[in-house]
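Convention: sequence-line order gives letters A, B, ...; per-chain numbering from 1.
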2 protein chains.
Amino acid sequence: MSSPTHGARARARIEVTAAIKDEARRQLAAEGAAKLSLRAVARELGMVSSALYRYFPSRDDLLTALIIDAYDSLGETVEQAHAAAADAGPVRRWSAVCEAARAWALGHPHEYALIYGSPVPGYAAPQTTVPAASRIGLVLTAILREAHQGPGLVTPPLPAELRAEADRMTADLAPDLPPETVTALVAAWAQLFGLIGFELFGQFNRVVEDREPFFRQAVAQLARGVGLVDPQHGDAGKG
Amino acid sequence: MSSPTHGARARARIEVTAAIKDEARRQLAAEGAAKLSLRAVARELGMVSSALYRYFPSRDDLLTALIIDAYDSLGETVEQAHAAAADAGPVRRWSAVCEAARAWALGHPHEYALIYGSPVPGYAAPQTTVPAASRIGLVLTAILREAHQGPGLVTPPLPAELRAEADRMTADLAPDLPPETVTALVAAWAQLFGLIGFELFGQFNRVVEDREPFFRQAVAQLARGVGLVDPQHGDAGKG
DNA sequence: CAAAAAAGAGAGCAGCGCTCTTGCCCTGGA
DNA sequence: TCCAGGGCAAGAGCGCTGCTCTCTTTTTTG
């Protein structure tokens, strides 16, 4: 950082690191995480396999880097979708975000499997992944927050047995929202990825053929589930 | 099949096959599907690795056998839960089935990952798995069918763009149910496994702590989503 | 310019899925 | 009773994997 030569070395390191991740992502898209091979990455990059260990101490560390990148890629995609629908009503924004998440998943199936599929046994995602993983949740929360401050939210009452946990989640995630809403949001968040995962992992094969309208309807119902009400079928009723 | 001696041979084969699957399941529970190794299975069974290929032509075929067993295990579990709640109302039966599915998943996390987690790339589950995989869907459908013939179902209208696909799915899955119900059921089916998968795969870590009441509430809302109405909070209103 | 730090190269270890060949032994028919 | 045929285990071996260690080359630094 003090001298330019040190910067040159550091820059080279950054470039090689990026090249490794790029090639790894290519192999991920081609063969999946299970068949991601350090040797194959090195071969393709014209270096020897052991040299890779100068950049990533293990295969798992390379995977972790790819996981964070994937979360960030998804997060950025949905944030952009949210921003692009800023003028629309909350139901429309909710749908836009959900559909952006689905589109990202369909476009990056192996990266989706990496972050929302079965975890590799014996591999615990380090805490480093948490901020990137949270981005989509923050977007969904923001939509509900605006709706809460604006037209309001319609939520079913909580059963007594859930009261304590709902309050705890609310304090953690969105203290300015009603616990009923936070609970419904967390459930909808999981359910959204149930829908996406079933489509991506083949559970809908021979069951749902025309997935786009099906997903749109399911997401609209999800919006109702978190209490979003639809003024004039999602038309910009806010502005 | 004609002579008892031939039967002795066949019986031995069945026993060895079962022993291989048992040991494979043990390793599955210990290490996960990715690290399931034919050599380790053979080692544990006191045979040489190549001998396993007399019973399963490849690692994938062994996995397929485990997948079918897992689907059947889950299917049987939820069928029993359904039968045990036969006297209750449809909402209670729905919840019982969903909670049984969750309990099975928590008790067999690696087998769950095998059937509802990311698919192994290059491995397409053969058509043989379909009947076993369908069992839980059939149970859920049966609940809705009885409710449809009894107290009735409350379903939101379908958007025009979904009409054709909804009719197609209905003809395929449950021609005696309204297309609105079938569409909602398929979505709820996917969403149920979104909830279970998020809990199992660690997405709820540091988010939802007291999972049982949370899941119960989510499942109750899922029941509402498929149109099940709750006479006196799920009490046996069918009489 | 020499010392030190970083990176690459290559050999090697232990493990993997899978294939092929060899030979044992059980079984069913003559 | 004997014998051919076939099911089956064993072993060697191929090409691959992640990872470690040592040695050399390159680059940065005092």
Side-chain angles (χ1 to χ4, degrees), chain A residues 1-21 23-24 26-28 30-67 114 120-124, chain B residues 1-21 23-24 26-28 30-67 114 120-124:
Chain A
M1 202 176 276
S2 52
S3 75
T5 48
H6 176 267
R9 185 107 99 176
R11 203 177 324 119
R13 189 179 178 83
I14 288 172
E15 275 172 25
V16 175
T17 305
I20 292 172
K21 287 203 292 186
E23 178 57 33
R26 272 200 46 243
Q27 292 200 13
L28 205 70
E31 296 280 0
K35 296 196 176 173
L36 173 61
S37 146
L38 288 187
R39 292 177 116 102
V41 170
R43 206 182 301 130
E44 212 68 22
L45 259 51
M47 50 202 312
V48 90
S49 72
S50 55
L52 278 193
Y53 286 83
R54 302 277 179 200
Y55 297 88
F56 295 96
S58 79
R59 186 178 177 275
D60 279 1
D61 289 84
L62 176 54
L63 272 180
T64 298
L66 295 179
I67 286 173
L114 199 60
V120 179
Y123 168 82
Chain B
M1 205 177 273
S2 51
S3 74
T5 49
H6 177 266
R9 203 115 78 197
R11 202 175 327 120
R13 189 180 178 84
I14 289 173
E15 275 172 24
V16 175
T17 305
I20 292 173
K21 288 204 290 187
E23 177 56 34
R26 272 201 46 244
Q27 292 201 11
L28 206 70
E31 295 281 0
K35 296 195 175 172
L36 173 62
S37 145
L38 288 188
R39 292 178 114 100
V41 170
R43 205 182 303 128
E44 212 67 23
L45 259 50
M47 50 201 315
V48 89
S49 71
S50 55
L52 280 193
Y53 287 84
R54 299 281 177 189
Y55 297 88
F56 295 96
S58 79
R59 185 178 178 275
D60 280 1
D61 288 86
L62 175 54
L63 270 180
T64 299
L66 296 179
I67 285 172
L114 198 60
V120 179
Y123 168 82

| query | To the nearest angstrom, how far is B:Asp61 atom CG from C:dC18 atom P? | reply | 9 Å
| task | May I have the distance from A:Leu36 (atom CG) to D:dC19 (atom C1'), rounded to whole angstrom? | result | 15 Å
| request: Could I get the full list of side chain to side chain donor-acceptor pair (under 3.5 Å) partners for B:Ser58, not counting sequence neighbours? | output: B:Asp61
| query | Side-chain N or O of B:Arg43 less than 4.0 angstrom from OP1 or OP2 on C:dC16? | reply | yes
| request: For B:Glu31 and C:dG15, give me the distance from atom CD to atom P, rounded to whole Å. | output: 14 Å
| request: Name all residues meeting the side chain to side chain donor-acceptor pair (under 3.5 Å) criterion together with A:Arg43; count only those two or more places apart in sequence or in a different chain, and write none if there are none. | output: none
| request: Mind checking A:Phe56 for me? I need base, sugar-phosphate or nothing, with any heavy atom below 4.0 Å counting as a touch. | output: nothing
| Integer-rounded Å distance: C:dT19 C1' and B:Leu38 CG | 13 Å
| message | Between A:Arg59 and D:dT17, is there a contact of a side-chain N or O with OP1 or OP2 at under 4.0 Å? | response | no
| field | B:Thr64: partners by side chain to side chain donor-acceptor pair (under 3.5 Å), with sequence neighbours left out | value | B:Tyr123
| field | Options C:dC16, D:dT17, D:dA9, nucleotide nearest the side-chain atoms of A:Ala40 | value | D:dT17
| said: Please tell me if B:Tyr55 has a side-chain N or O lying less than 4.0 Å from either OP1 or OP2 of D:dA9. | reply: yes
| C:dC16 P sits how many Å from B:Tyr53 OH, rounded? | 11 Å
| field | Whole-Å distance separating the NZ atom of B:Lys35 from the P atom of D:dG18 | value | 13 Å
| note | Nearest heavy-atom contact between A:Leu114 and A:Ala33 is CD1-CB, 3.6 Å
| message | For nucleotides 10-15 of chain D, give me one character per nucleotide, 5' to 3': B if any protein heavy atom sits under 4.0 Å from the base, S if the only such contacts are to the sugar-phosphate, - if neither. | response | BB-B--
| message | For B:Glu44, give me all partners under side-chain contact (heavy atoms from CB on, under 4.5 Å), at least two apart in sequence or on another chain. | response | B:Glu23, B:Arg26
| How far does CG of A:Leu66 sit from NZ of A:Lys21, to the nearest 0.5 angstrom? | 7.5 Å
Pairs of donor and acceptor atoms involving the side chains of residues 46-55 of chain B, under 3.5 Å and at least two apart or interchain, shall be tabulated with distances.
none

| task | Mind calculating the distance between CD (A:Glu15) and P (C:dG8) to the nearest angstrom? | result | 13 Å
| field | Length of the CZ-P vector between A:Arg13 and C:dA6, whole Å | value | 9 Å
